[in-house]
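Input: a single structure, listed below in structure tokens.
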Amino acid sequence: MTNITGRVREAFRGDQRVDADALIARLDAVRRFLTAVDGLLPDAELVPAHTLVERAGTRLALSRDHTVVALAGATGSGKSSLFNALAQLELSPVGVRRPTTGVTHACVWGPLEGANRLLDWIGVLPRHRFVRESALDADDETALHGLILLDLPDFDSVQRSHRLEVDRLLGLVDQVVWVVDPQKYADRVIHDSYLREFHRHRDVTVVVLNQADRLPPAEVPRVLDDLRRLLDTDGLTGVPLLSTTAIDPAGMVGLRGALERTVAERQAALRRLAGDVDTVVAGLDELVGSARPAGGPDDSTVDGLNRALAGAAGVPAVTEAVQQAYRHRAVAATGWPLVRGWRRLRPDPLRRLHLPGPADAGADAAESLVAATSVPDPTAAQRSALGLAIRAVADRAAVDLPAAWPGAVTAAARSRLGDLPDALDRTIAGTDLGLGRRPLWWRVVGGVQWLVTLAAVVGLGWLVLGYALRALGLPALDNPMVGQVPLPTLLLLGGLLAGLLLAALTRPVVRWAARRARARAEQRLTTKVARVGEEYVLTPVRVVLGSYAQARDALRDAARR
């Protein structure tokens with residue numbers, strides 16, 4: 001798999017120039033990466049990137065006219081003597097007591113005022129700062145104006161504070177001159193712990209074999225060849241390798257010439273920061289990988305989430321109540337008027353759930369938007385199903401992501417889990433269940449029921465009146481006949497039979513219409529519940545996936561030169 005590290009050019013830059021604007025763009029890309037992953041990835045993984053952004057911004061803002069070069073080496077390598085020889089002054093203490101250099105000394109070629117802010121940032125104490133300016137030099141030192149040369153403590157010092165100071169300064173300087181001596185040039189400490197770690201900073205690394213005067217002249221090339229072999233093994237192919245001797249000015253010509261070229265180019269700071277970006281990008285590469293993940297979970301996973309949310313929200317209980325409420329209201333509206341009052345004494349099923357009752361519109365509906373429902377709490381099985389569905393969403397969304405990201409996706413999917421119950425309850429309470437209007441056919445059937453009931457009442461009254469007149473000895477009413485049946489009897493019996501028959505014929509229609517009402521309510525509730533899932537589960541997951549895409553693009557931009 002081709003990764004971003006593979007696209008970072010590892011070739012030695014040599015005389016290649018680093019464009020400042022391009023470097024700033026790369027640093028900005030690292031900054032965008034950090035913004036994208038903020039709060040999503042472990043902070044420990046991001047410390048080098050944060051350090052780079054802060055350090056690079058400060059270094060570029062302080063001075064581009066100065067080049068900070070550090071002499072680093074082990075105890076007895078003679079770097080302090082080399083420091084004094086370059087400065088042509090006794091600035092750093094030299095002696096047989098080891099370690100001799102306990103603090104960092106700085107020598108500035110040119111006015112000290114222009115370098116003070118940079119030295120303050122590096123952390124060199126004012127009493128250890130020196131200026132290489134003399135009227136006797138004439139123009140001899142002009143070629144080094146802008147150079148800040150540091151003599152670091154010994155990296156193998158028995159004093160732990162010395163080693164920590166070396167490690168700190170090696171992260172701040174623009175160029176490092178590694179000083180080795182003929183006795184310890186192959187020491188594993190300098191190669192394994194330091195030189196090998198600088199393989200991405202080859203273009204700001206110089207290695208000098210100091211104290212070459214201690215070797216027979218015929219041995220110097222052999223030792224240099226062996227040292228070159230070790231440097232190649234360390235990944236430092238192409239770095240300048242020089243031999244020096246502090247006791248002979250002729251033995252300093254090569255190193256001084258290398259420093260003059262570095263100062264004249266004004267590229268060391270930019271090359272050092274470019275190498276730092278390469279190192280950081282390589283370290284972050286495994287956090288983003290190269291695969292482009294899907295935009296989110298697939299439809300089947302989302303459907304599973306919606307079903308689990310519907311179960312946890314109590315949608316089956318609500319839709320069952322809708323079906324029962326429809327039948328209750330339909331029978332109350334279309335049944336025999338003489339028993340409707342008894343029907344209304346029975347509680348409406350939706351009322352038991354604190355959902356819109358018989359007065360479906362108006363105040364009750366408005367109240368349902370803010371009142372909590374009495375929908376049964378989800379069972380343990382439903383809660384477990386919801387947890388598994390959310391986990392499935394996270395797993396499916398993170399299937400192509402590098403190892404550092406699935407945890408962030410899962411955390412995002414569960415980030416609003418505590419808010420889901422209230423959100424689902426508000427959604428159920430605020431959903432129009434489709435029972436707000438009485439169907440027209442209810443009114444028609446109800447009107448017919450009133451007509452036949454009125455006919456039965458008229459017939460009953462007529463018959464009662466006739467019996468009363470006969471009982472009082474008054475002339476009886478002349479009852480019209482319909483065939484062989486008196487009209488009052490026909491009205492009474494016909495009205496009763498017609499009401500009962502109409503109720504019997506209406507009952508299957510009510511059951512069918514109640515099932516349709518349940519289906520409509522289920523569709524509306526499922527749609528609303530799916531919106532809750534989108535807001536509380538899917539959107540946080542997609543935000544993380546978007547952050548991953550931004551981080552991936554930013555790191556790709558940071559890898560470009």
Side-chain angles (χ1 to χ4, degrees), residues 69-105 107 149-159 162-163 165-167 169-170 173 175-199 201-202 204-259:
V69 178
L71 298 178
T75 304
S77 61
K79 56 184 175 54
S80 295
S81 298
L82 209 60
F83 178 80
N84 293 336
L86 287 168
Q88 299 177 25
L89 295 170
E90 291 296 323
L91 303 178
S92 187
V94 178
V96 295
R97 181 176 57 87
R98 298 177 180 176
T100 302
T101 307
V103 295
T104 302
H105 294 76
C107 182
L149 186 64
L150 304 182
D151 181 19
L152 304 187
D154 304 325
F155 64 73
D156 62 346
S157 171
V158 294
Q159 298 289 333
H162 293 184
R163 298 195 302 272
E165 178 71 357
V166 171
D167 293 342
L169 290 170
L170 287 176
V173 299
Q175 187 176 60
V176 181
V177 177
W178 294 98
V179 182
V180 298
D181 64 275
Q183 286 74 35
K184 296 194 295 183
Y185 72 89
D187 187 81
R188 291 185 60 183
V189 174
I190 187 172
H191 288 277
D192 294 346
S193 301
Y194 289 97
L195 289 173
R196 193 164 297 168
E197 297 298 319
F198 264 69
H199 70 277
H201 297 88
R202 297 191 295 275
V204 289
T205 299
V206 176
V207 179
V208 298
L209 177 66
N210 194 30
Q211 301 172 351
D213 54 295
R214 295 186 178 182
L215 291 172
E219 288 293 313
V220 173
R222 185 188 63 79
V223 173
L224 289 174
D225 289 343
D226 191 44
L227 180 54
R228 171 62 71 186
R229 178 186 59 80
L230 294 174
L231 294 176
D232 292 345
T233 303
D234 294 333
L236 294 175
T237 304
V239 300
L241 174 59
L242 309 170
S243 63
T244 58
T245 173
I247 62 175
D248 184 0
M252 302 294 297
V253 173
L255 178 57
R256 182 180 176 90
L259 293 177

N210 pairs by side chain to side chain contact (heavy atoms under 4.5 Å, CB included) with which of V180, L255, L71, T244?
T244
Can you name the one residue among V223, V179, V207 that meets side chain to side chain contact (heavy atoms under 4.5 Å, CB included) with Y185?
V223
State the [atom1]-[atom2] distance between [X] and [Y], to the nearest 0.5 angstrom.
| X | Y | atom1 | atom2 | result |
| --- | --- | --- | --- | --- |
| L150 | L169 | CG | CG | 7.0 Å |
| D154 | R163 | CG | CZ | 11.0 Å |
| K184 | I190 | NZ | CD1 | 9.5 Å |
| M252 | L82 | CE | CG | 4.0 Å |
| L241 | L231 | CG | CG | 6.0 Å |
| T104 | D151 | OG1 | CG | 7.5 Å |

side-chain contact (heavy atoms from CB on, under 4.5 Å) against Q183, all qualifying residues, sequence neighbours excluded
D181, Q211, R214
Heavy-atom pair of closest approach, residues [X] and [Y]:
| X | Y | answer |
| --- | --- | --- |
| H191 | L227 | CE1-CD1, 4.3 Å |
| T205 | P240 | O-CD, 3.3 Å |
| R256 | L86 | NH1-O, 4.1 Å |
| E165 | P153 | CG-CG, 4.2 Å |
| V220 | A212 | CG2-O, 4.0 Å |
| A72 | L170 | CB-CD2, 4.3 Å |

Step by step, work out the side chain to side chain contact (heavy atoms under 4.5 Å, CB included) result for V176 and H201.
CA-CA 9 Å; V176 181; H201 297 88; over 6 Å; no
List for me each residue that meets side chain to side chain donor-acceptor pair (under 3.5 Å) alongside R222, sequence neighbours excluded, and say none if there are none.
E219
Partners passing side chain to side chain donor-acceptor pair (under 3.5 Å) against S243 (at least two apart in sequence or in another chain)
none
Tell me every residue that passes ring-ring contact (aromatic ring centres under 6.0 Å, His included) with Y194, counting only those two or more places apart in sequence or in another chain.
F155, W178
For D234, give me all partners under salt bridge (Lys or Arg N to Asp or Glu O under 4.0 Å), at least two apart in sequence or on another chain.
R196
Non-neighbouring partners of D226 that pass salt bridge (Lys or Arg N to Asp or Glu O under 4.0 Å), sequence neighbours left out:
R229
Given 3.5 Å as the limit, does a donor-acceptor pair link the side chain of D213 with the main chain of T245, or not?
no
Quick check: do V239 and F198 have side-chain heavy atoms less than 4.5 Å from each other?
no
